[in-house]
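Please read the structure below before turning to the comments.
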Amino acid sequence: RASLDDVFDADLEKKVAALDRAIAQQKANELAARRLRQEAAQLEDSGLLPEAVATLNDSLKLDPDPKTRDKIAALEARIVDEQRKIKQARALVAQGFAKEKAGDFTGAAALFRESMNYVEDESIDRHVASLEAALAVRTAKKDQAQRLKEEGLVFEQQGAREMAIQKYRESLDLWSD
């Protein structure tokens, strides 16, 4: 620029103006890219990983930063891992419902709980809680039925057949297998 003050050179003046515009554009791109990276960080914090990757890719178009490329690669790996976990959880939930349908409530609850290791799901958590509550009631009934059956056996051994029959019927009313 100092040389332009002494002697006017139109071509050189155009070249300097073009360089000034390029520098201003580069700074604007870097600023816009920085804002996009900040937006991507917020998206990531909100768990919106694919949207964060898309925003970081937009940032790269403005400013080809190697750290941004590394961040994109890391987020893409996390997305793949999360998809794997979701797939595993869904498979376990499907197996759990199959066990539940077959009457294996204990096995179903175990599979549902295992699925929670991969993906937290409040509806599955509530379902497990209701299943376990039902299992507790079922176990209590089965235990009570067994006690009544044993009482009936004692009455039968003592010759009190009517009392034995009554206890056996109470047992069967609670639990018949």
Side-chain angles (χ1 to χ4, degrees), residues 33-61 65-157 160-177:
R34 189 176 319 119
R35 287 186 183 135
L36 286 169
R37 286 191 299 270
Q38 290 169 346
E39 181 183 335
Q42 291 172 345
L43 290 167
E44 180 184 0
D45 290 343
S46 298
L48 303 170
L49 301 185
E51 292 83 352
V53 168
T55 303
L56 287 173
N57 278 321
D58 290 343
S59 158
L60 275 180
K61 292 173 189 170
D65 177 34
K67 290 181 182 177
T68 302
R69 289 185 203 285
D70 293 344
K71 182 67 175 177
I72 290 170
L75 287 175
E76 287 174 338
R78 277 182 56 196
I79 290 169
V80 167
D81 187 52
E82 286 184 11
Q83 289 171 339
R84 180 192 57 76
K85 287 178 179 180
I86 290 168
K87 185 177 179 180
Q88 183 65 32
R90 285 183 179 157
L92 289 165
V93 167
Q95 292 171 18
F97 280 120
K99 287 221 180 241
E100 183 177 355
K101 187 175 180 181
D104 180 2
F105 302 116
T106 304
L111 287 166
F112 292 138
R113 274 193 302 279
E114 186 179 347
S115 78
M116 300 289 283
N117 292 331
Y118 295 98
V119 176
E120 298 260 342
D121 184 330
E122 288 182 27
S123 65
I124 294 296
D125 197 33
R126 285 190 304 272
H127 188 69
V128 169
S130 69
L131 208 62
E132 288 174 338
L135 276 168
V137 168
R138 188 175 181 208
T139 301
K141 281 185 175 184
K142 189 174 182 179
D143 291 347
Q144 179 64 20
Q146 182 62 34
R147 282 190 293 279
L148 289 167
K149 181 179 172 183
E150 290 167 2
E151 289 176 21
L153 183 58
V154 169
F155 281 122
E156 186 178 353
Q157 289 170 346
R161 291 188 176 113
E162 287 182 24
M163 286 298 293
I165 289 171
Q166 180 184 343
K167 292 295 179 180
Y168 289 150
R169 283 190 176 140
E170 287 177 29
S171 173
L172 287 171
D173 286 344
L174 280 175
W175 191 267
S176 63
D177 46 2

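Quantities reported herein were computed from a predicted structural model and do not represent experimental measurements. For reference, positions follow the sequence shown, starting with 1.
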What pair of heavy atoms forms the shortest contact from [X] to [Y], and how long is it?
X      : Y      : value
Ala40  : Ala52  : O-CB, 3.5 Å
Ala164 : Gly152 : CB-O, 3.2 Å
Ala108 : Leu131 : CB-CD2, 4.0 Å
Trp175 : Ala145 : CB-CB, 3.4 Å
Ser59  : Ala33  : OG-O, 3.5 Å

To the nearest 0.5 Å, how far apart are [atom1] in [X] and [atom2] in [Y]?
X      : Y      : atom1 : atom2 : value
Asp65  : Arg34  : CG    : CZ    : 10.5 Å
Glu132 : Thr139 : CD    : OG1   : 11.0 Å
Ile124 : Arg113 : CD1   : CZ    : 12.5 Å
Met116 : Asp125 : CE    : CG    : 4.0 Å
Phe105 : Glu100 : CZ    : CD    : 6.0 Å
Glu76  : Leu56  : CD    : CG    : 9.5 Å

* **Verdict with supporting geometry, Asp58 and Lys61, salt bridge (Lys or Arg N to Asp or Glu O under 4.0 Å)** => CA-CA 5 Å; Asp58 290 343; Lys61 292 173 189 170; 3.6 Å; yes
* **Donor on one side chain, acceptor on other, Arg147 and Gln144, under 3.5 Å** =>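 Yes, side-chain donor-acceptor contact under 3.5 Å.
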* Find out whether Leu111 and Glu114 are in side-chain contact, i.e. whether some heavy atom of one side chain is under 4.5 Å from a heavy atom of the other. => yes
* Are the side chains of Ser115 and Asp121 in touch, meaning some heavy atoms are under 4.5 Å apart? ->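 With C-beta onward as the side chain, the pair stays apart.
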Which residues satisfy the side-chain contact (heavy atoms from CB on, under 4.5 Å) test with [X], sequence neighbours excluded?
X      : answer
Gln42  : none
Lys167 : Leu148, Glu151, Phe155, Glu170
Ser130 : His127
Asp173 : none

Could you tabulate the donor-acceptor pairs under 3.5 Å formed by side-chain atoms of residues 77-97, not counting sequence neighbours?
from	atom 1	to	atom 2	distance (Å)
Arg78	NH1	Glu44	OE2	2.7
Asp81	OD1	Arg84	NE	3.3
Asp81	OD1	Arg84	NH2	2.8

* Those residues that, when tested against Ser46, pass side-chain hydrogen bond (donor to acceptor under 3.5 Å, both in side chains) (two or more places apart) -> none
* To do: Step by step, work out the side chain to side chain donor-acceptor pair (under 3.5 Å) result for Gln146 and Glu150.
  => CA-CA 6 Å; Gln146 182 62 34; Glu150 290 167 2; 3.1 Å; yes
* Asked: Please walk me through it: do Glu39 and Leu36 pass side chain to side chain contact (heavy atoms under 4.5 Å, CB included)?
  -> CA-CA 5 Å; Glu39 181 183 335; Leu36 286 169; 4.0 Å; yes
